[in-house]
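Okay, structure first, notes after.
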4 protein chains.
Amino acid sequence: MIKPPNPQRRSQKSHDAVLAAALELCAEEGYGRVTIEGIAARAGVSKKTIYRWWPSKGAVVLEALHEAADIAAPHPDTGNLAIDMRTQLAAVISFLSPPSHAPLAGLIADALSDPELAGLLRERLIRPRIAEFEQRMRRAQEQGQLHPDANLDIALDLFYGPLYHRLVFHLGLPEPEYLDTLIEHVIRALTSGEPSRSA
Amino acid sequence: MIKPPNPQRRSQKSHDAVLAAALELCAEEGYGRVTIEGIAARAGVSKKTIYRWWPSKGAVVLEALHEAADIAAPHPDTGNLAIDMRTQLAAVISFLSPPSHAPLAGLIADALSDPELAGLLRERLIRPRIAEFEQRMRRAQEQGQLHPDANLDIALDLFYGPLYHRLVFHLGLPEPEYLDTLIEHVIRALTSGEPSRSA
Amino acid sequence: MIKPPNPQRRSQKSHDAVLAAALELCAEEGYGRVTIEGIAARAGVSKKTIYRWWPSKGAVVLEALHEAADIAAPHPDTGNLAIDMRTQLAAVISFLSPPSHAPLAGLIADALSDPELAGLLRERLIRPRIAEFEQRMRRAQEQGQLHPDANLDIALDLFYGPLYHRLVFHLGLPEPEYLDTLIEHVIRALTSGEPSRSA
Amino acid sequence: MIKPPNPQRRSQKSHDAVLAAALELCAEEGYGRVTIEGIAARAGVSKKTIYRWWPSKGAVVLEALHEAADIAAPHPDTGNLAIDMRTQLAAVISFLSPPSHAPLAGLIADALSDPELAGLLRERLIRPRIAEFEQRMRRAQEQGQLHPDANLDIALDLFYGPLYHRLVFHLGLPEPEYLDTLIEHVIRALTSGEPSRSA
DNA sequence: TGATAACCGAGACGGTACGTCGTGTCTTGTG
DNA sequence: CACAAGACACGACGTACCGTCTCGGTTATCA
């Protein structure tokens, strides 16, 4: 993963079988009950092959998630920031529901005690989404829906923070109505008054 | 924990030794590397004794954390909401640093795939803090620092969400300056415009 | 084996099941194809239990063989040394046939590269047989069938050496007629001329 | 070995490197710890190349031993059978010492559960030595040092058996003095009385 | 003031999964 | 086309913890 021994020699068939098996097992058993042995057995692959290309169960699931790309809900741009953010946040929420079976929730859990996985998670999965988020914010700034000096780091934290706060403490992911209220507050925080500079 | 066999016969000495050992091992090895066997050995207690009183490693650490009470930084009330929230959030941040060794981070991780632990975490550790937070908010409302109709659920999510968002994706916990900006935005979101009712 | 953790707590049932499974599998598959995993599975026992009490597969089979005691053919004493040795050597030969399935042959093979097993094999299985052999020799000396100064170490090597020589080089274990000739020669070597002292 | 694919295309360089690596590793680690992977790595040769020409680790070591030829101590002929046999047996003993590192001991161990290797060992390494032994015995008969009807199979077993008996049960290979006594007994067995016919 | 029942330490037990190693086969690309 | 390099499926290794389960030995109510 970090340094594939020799990418050219890699068997595409095994690679794909592993990722498919990982997602299937996550769906059937929940991330927590998935094991590398189980993935290997389901994929018809030896454990050694998995260990050769991925450092941990989390790395496998992460790549599977990445390839499945169904997290890649791109930020819509209808011209209305509030509506677009609601669409986007709802997509993320459905991707995290139910927390007990959402592979991403499992990755978050493992990453909390595995710095290597944490790095992969951040760089491969999260950073690209943040970049897309920032693009959308900048378009909002151009369109005058957001103050041109709005702090985008703050924006990110305020929009997405509540989701993960509620996720980790099992407070229930936001319902649509609550989501609207939340977005309304965040946009207000970003547009009124004298905003600070982006970090 | 949920149903102690006979609370009266419980050995205080063993109980304390287990909790102390749990915290020591978390500090030394990190939550993830702590095992019930390790706790039992360190505490000079049999595994059976642990299983008699707690359902899981997480429950032990949770109770240890609860007794240690150093999370229980109560909300200060200097009359200035922004300053008090900064104090409070900084306390929580230091309690979560470094994430790889903070027992609470480990509990969050385990709770993501253990509904029983999730319930304990929410009810024993988090709900009381939320109650304290809401008390402080209500005082701010009485003092006119917050709109009397401010939505306190939203307030909670906006104040604390960014911490956990940054925690789970390893984006770095907020630095003091960033924290100030954040608080400034949140208070603005809660005070300007026409807020919605509390859920 | 060398230092049982706590013999009192040992489960007799598991102990017996392991030894029985070991012998069964040796008989079915041959010593070389027996694995600790296989023994554990057949015995309905965890691998850890085997590793707790025995250091190696060989040690298990050795103890099984020891308990089975069918190697323990005691030296007969009809008063005729040649006849008795033929009986005894034939018993050992049948115990080593066929070499590919005889557990003892497997033990010999493993012991050649495992000093710990070699020690167990020598002390538990072989030394007692040597002691019995020497008792029989001494009775022969008392009965005048053997020179009173006959060197019993030499006697042991001459009587049994040919068996193992033929075993290890797959020269075919001695047939009855050849065995008689052999015994005749050995007894002659031990009785004629001026023998040296026992070492 | 048994059926080389195409002896003409065989790379002499690889062939030699494999045999040299095999002997080096036996000397460094002991036969038991040598692996085909290790030999391939040391020799700078692919595993496939080894499997193409030899059926097993044992076959490689056997051929290496055969080529090294230092086992080929030919039977000396000073005219004194006892002295010559002592010289010869001492050479074999030194070749088997220490048993834990002697490649031949490893071959014997493997051959006990590998009929193919057993065949190679017997035919390539042992039969030629037996032939040399028998030549020497026949010269002894011609010189009157041995009865002309002495049974040479018996002679072989009596001379060499004790070595392997002591080897397999780790009773300690014979010391020089003991060796003399042994030879004395064997020659006596073969010369006195009325010997039986050769088989 | 015993009896008696719970808790206690110690740790063996059947399991599951781990991550590693070596096997023998197969594939790819080079000389 | 033999070769090196090494990926592959397989299977066993020996280890670590899990959660359950005896064991005797305190220990602390109650009879």
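Labels below follow one simple rule: chain letters A, B, ... track the order of the sequence lines, proteins then strands, and each chain is numbered from 1.
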Contacts of type salt bridge (Lys or Arg N to Asp or Glu O under 4.0 Å), residue Glu28(D), not counting sequence neighbours: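 Applying salt bridge (Lys or Arg N to Asp or Glu O under 4.0 Å) to Glu28(D) gives Arg42(D).
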For Glu29(C), salt bridge (Lys or Arg N to Asp or Glu O under 4.0 Å) partners two or more places apart: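 Salt bridge (Lys or Arg N to Asp or Glu O under 4.0 Å) check on Glu29(C) returns nothing, list empty.
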Just wondering, do [Y] and [X] contact through their side chains at under 4.5 Å, heavy atoms?
{"X": "Leu125(C)", "Y": "Leu104(C)", "answer": "yes"}
{"X": "Leu112(C)", "Y": "Leu167(D)", "answer": "yes"}
{"X": "Trp54(C)", "Y": "Leu120(C)", "answer": "no"}

For nucleotides 12-15 of chain F, which of its nitrogen or oxygen atoms have a protein nitrogen or oxygen under 3.5 Å away, and what is each distance?
unit_1  : atom_1 : unit_2   : atom_2 : d
dC13(F) : OP1    : Ile36(C) : N      : 3.1
dC13(F) : OP2    : Ile36(C) : N      : 3.4
dC13(F) : OP2    : Glu37(C) : N      : 2.9
dG14(F) : OP2    : Tyr51(C) : OH     : 2.4
dG14(F) : O5'    : Tyr51(C) : OH     : 3.4
dG14(F) : N7     : Lys47(C) : NZ     : 2.8
dG14(F) : O6     : Lys47(C) : NZ     : 2.7

Those residues that, when tested against Ser46(C), pass side-chain hydrogen bond (donor to acceptor under 3.5 Å, both in side chains) (two or more places apart):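 Here the qualifying residues are Thr49(C).
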Set of residues satisfying side-chain hydrogen bond (donor to acceptor under 3.5 Å, both in side chains) with respect to His15(D), sequence neighbours excluded: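 Here the qualifying residues are Arg10(D), Glu63(D).
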Upstream residue (5' side of DNA chain F) when Thr49(A) and Gln12(D) are each assigned their closest nucleotide: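 Final value for this comparison: Gln12(D).
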Backbone of Ile36(C) reached by a side-chain donor or acceptor of Lys47(C) within 3.5 Å: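 Such a contact is absent between Lys47(C) side chain and Ile36(C) backbone.
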Residue mapping more 5' on DNA chain E - nearest nucleotide basis, Ser46(B) or Ala43(C):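 The residue mapped nearer the 5' terminus is Ser46(B).
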Interface residues of residues 13-26 of chain C with DNA chain E (non-hydrogen, below 4.0 angstrom):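 Residues of residues 13-26 of chain C under 4.0 Å from DNA chain E: Ser14(C).
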